[in-house]
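Letters A, B, ... mirror the listed sequences (proteins, then strands); counts begin at 1.
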Protein chains: 4
Amino acid sequence: MARQPRADAQRNRARVLEVAARVFATEGLSVPVHEIARRAGVGTGTVSRHFPSKHDLFAAILLARLEQLTAEADALNQQTDPGVAFFTFFATLVHAGAANRGLAEALAGAGYDLESAAADAGYDVTAGLRGLLTRAQLAGAVRDDVDSADVKALMTGCLSRVGSGGGADTAALDHLTAVVCDGLRSKPG
Amino acid sequence: MARQPRADAQRNRARVLEVAARVFATEGLSVPVHEIARRAGVGTGTVSRHFPSKHDLFAAILLARLEQLTAEADALNQQTDPGVAFFTFFATLVHAGAANRGLAEALAGAGYDLESAAADAGYDVTAGLRGLLTRAQLAGAVRDDVDSADVKALMTGCLSRVGSGGGADTAALDHLTAVVCDGLRSKPG
Amino acid sequence: MARQPRADAQRNRARVLEVAARVFATEGLSVPVHEIARRAGVGTGTVSRHFPSKHDLFAAILLARLEQLTAEADALNQQTDPGVAFFTFFATLVHAGAANRGLAEALAGAGYDLESAAADAGYDVTAGLRGLLTRAQLAGAVRDDVDSADVKALMTGCLSRVGSGGGADTAALDHLTAVVCDGLRSKPG
Amino acid sequence: MARQPRADAQRNRARVLEVAARVFATEGLSVPVHEIARRAGVGTGTVSRHFPSKHDLFAAILLARLEQLTAEADALNQQTDPGVAFFTFFATLVHAGAANRGLAEALAGAGYDLESAAADAGYDVTAGLRGLLTRAQLAGAVRDDVDSADVKALMTGCLSRVGSGGGADTAALDHLTAVVCDGLRSKPG
DNA sequence: TATGAATGAGGGTTCATTCAT
DNA sequence: CATGAATGAACCCTCATTCAT
């Protein structure tokens, strides 16, 4: 049986992860590791123990998120209505991103390479997205002339709607998301 | 009256500005000032003299660009067809951002704060955009339920379509831009 | 009377000592304590409990070796031929050093101070060496104008002949040892 | 023409080099760069500017020394008496090493890799030593059964005679050197 | 007693900015 | 004015040691 006394360690790890996610989301990726440690109430070494490099810490945050999203994509693939599945996932992505600026930056391609890390870990959101998109297109729910890269770009656009400040303007975000989904729907002609 | 700067100084300033614009556009905002100076063939002190801080240098570059864009917005406001004017400006913004990674980052809200610098200098692209948008909406060319922030977000989304690599995939960018414009057009119902 | 340590503790201590000896011998003194613990299959705290500081661990290893060497010196002092006794011990020292990089470093004077630790523990190799040397000199088997410090220096020299790699080039080491012993032998004139 | 205002820079560079040589020689290679800077009365960045990494600083010190030694070996190769040439160079190496603990460590093979750096810079002391040795052996002044690696090992041995403290015991060093040279001389039988 | 997570000082290096030349 | 050497705070990371479990 696995040793149990990791209670503290687990809590610290979770705490660091949580603080780092919030700090990176709020203030960007350039916040020193030292500062993360300070706010989490641990020593710098503790952060390093759990996440050997800053990159690893960042990757851990994203992968945790991606794991959820991949699972969600899989679940939605079981959904009967392909259109509903796709648009639901799109909204999910937007909301996930909105809550985490670090994630958004990474998704936007700036800074760390998310895709490869995700691929390494087996969480391929892009594949999930592509699957949902294709299915929706085959069902005639989404225009045929967009690909998953387009969809990701539009998601990034929606994300950029929310400022770096607090998350109060969810309404604006949701509205823009709706507009974009509108635009993605199949055109009659 | 202000002293007329030496011809040398003028030339150096221009040269630094030009090199920095290219470098920031190509490689992002994290390039050391030292490197800018080196490529411009001047000392680091010369850069600092003209632009006391890195932020100032960056602001100067963007302001030059924003000045152009503001002027273009003004010119398009004279255009007879409000819809054409708006969509033309939208495409212009996208292309400008695509050609300049630093500008894109700034427009996306990452890194330095563009808006305030622009406001300080009197070049308010957002105002120009808002004007064109309103006119297009009044003319029934653009959906009523979007505002300038939405449009900027969509522009950012389009920009994120081009990777950090070379600008070879203009086709994909243009296509996505077209799709987005499509979505912005007034809906019948 | 001192408490009899637990059997567990004894075994762990021995195991750490053994692993550390091998690791220090193979890879030098800069190997992290953490690594010693890992290879010994114990926690870092266990190492620290038995050897409060890294220095103490190192001293303990060397003292074990020095105890052997001191005993050997004593044994050789009973030997009838003083010259044979001395040269045998010299070769023994060289081989001991060659087999143990940490010991070699310590004998060479780099890193931790071996002598004082040895003196504290009552194992004085230098004294043993000095005794053998003096006896050999009185018997006319070794030049009169060298002292034990010279002999130790020559030993260090021999040791430096073997590279940091594997111990395959024993031949070269033995040859150099022979040459040095040759030089130490009494001169006719 | 080359710019001249390097007066300060040159002085600082020389000063850092000099201080570093002394400090490394006195206290070994583990002294922090920060400490070198402090003692030289400059900022840490100044050291880094002149010597991008600690290794580079160290190499610069040694190379300066090796350049001298290589030149000396070349000069001695012109000397008529091969035996005198060889033994003179041997003594020179010993004295150079004795005056510089860092050099000694490097010559002994510990720490940074001197040989390759020297080879890169074209200062191959080992080659010089080998040349002098071979010539002396052909002339019958040195035993045939030693090679340059043996000689270097013996040199290291002599060096280890001087403790890490002050250099007052030159007499002992010189004496040991003489003894070693004695042993290297050709044997009649 | 054993564990290994936590600590935090200290390492080398980078770089925006200042200032003597 | 131009220069680029100097500055030193800040960064990320390592590791000997301590201490709660």
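When Watson-Crick and G-U wobble pairs are counted only if both distances are under 3.5 Å, F:dA16 pairs with E:dT7. In this structure, F:dT21 and E:dA2 make a Watson-Crick or G-U wobble pair, each of the two defining distances being under 3.5 angstrom.
A straight line from CZ of A:Arg15 to P of E:dA5 spans 19 Å, rounded to a whole angstrom. A straight line from CZ of A:Phe51 to P of F:dC13 spans 13 Å, rounded to a whole angstrom. Across the protein-nucleic acid pair, C:Arg11 atom CZ and E:dT3 atom P stand 11 Å apart, rounded to whole Å. B:Phe58 has its CZ atom 16 Å from the C1' atom of E:dA16, to the nearest Å. What separates NZ of A:Lys54 from P of F:dA10 is a distance of 14 Å, to the nearest Å. Taking atom NE2 of residue D:His34 and atom P of nucleotide F:dA9, one finds them 9 Å apart after rounding to whole Å.
Taking every side-chain heavy atom of D:Ser48 into account, E:dT14 is the closest of F:dA16, E:dT14, F:dT3. Residue D:Pro32 places its side chain closer to E:dG12 than to any other of E:dA6, F:dG4, E:dG12. Taking every side-chain heavy atom of C:Asn12 into account, E:dA2 is the closest of E:dA2, E:dT21, E:dT17. Among the nucleotides F:dA2, E:dA2, F:dC12, the one closest to the side chain of C:His50 is E:dA2. Nearest to the side-chain atoms of C:Ala9 among the listed nucleotides F:dT7, F:dT17, E:dT1 stands E:dT1. Relative to the side chain of B:Arg49, the nucleotides E:dT3, E:dT18, F:dA2 differ in distance, and F:dA2 lies closest. Checking F:dT7, E:dA2, E:dA6 against the side-chain heavy atoms of A:Thr46 singles out E:dA6 as nearest.
Between the base of E:dG4 and the side chain of C:Thr44 there is a donor-acceptor pair shorter than 3.5 Å.
Salt bridge A:Arg38/A:Glu35: present, at least one basic N to carboxylate O contact under 4.0 Å.
For the side chain to side chain contact (heavy atoms under 4.5 Å, CB included) test with D:Ile36, the passing option among D:Val31, D:Val42, D:Leu17 is D:Val31; the others fail.
Here the side chains of C:Thr46 and C:Arg49 are not in contact, with every heavy-atom distance at 4.5 Å or above.
Distances shown here put every side-chain N or O of B:His55 at or beyond 4.0 Å from the OP1 or OP2 atom of E:dA16.
With B:Asn12 contributing its side chain and B:Ala9 its backbone, the two residues share no donor-acceptor pair below 3.5 Å.
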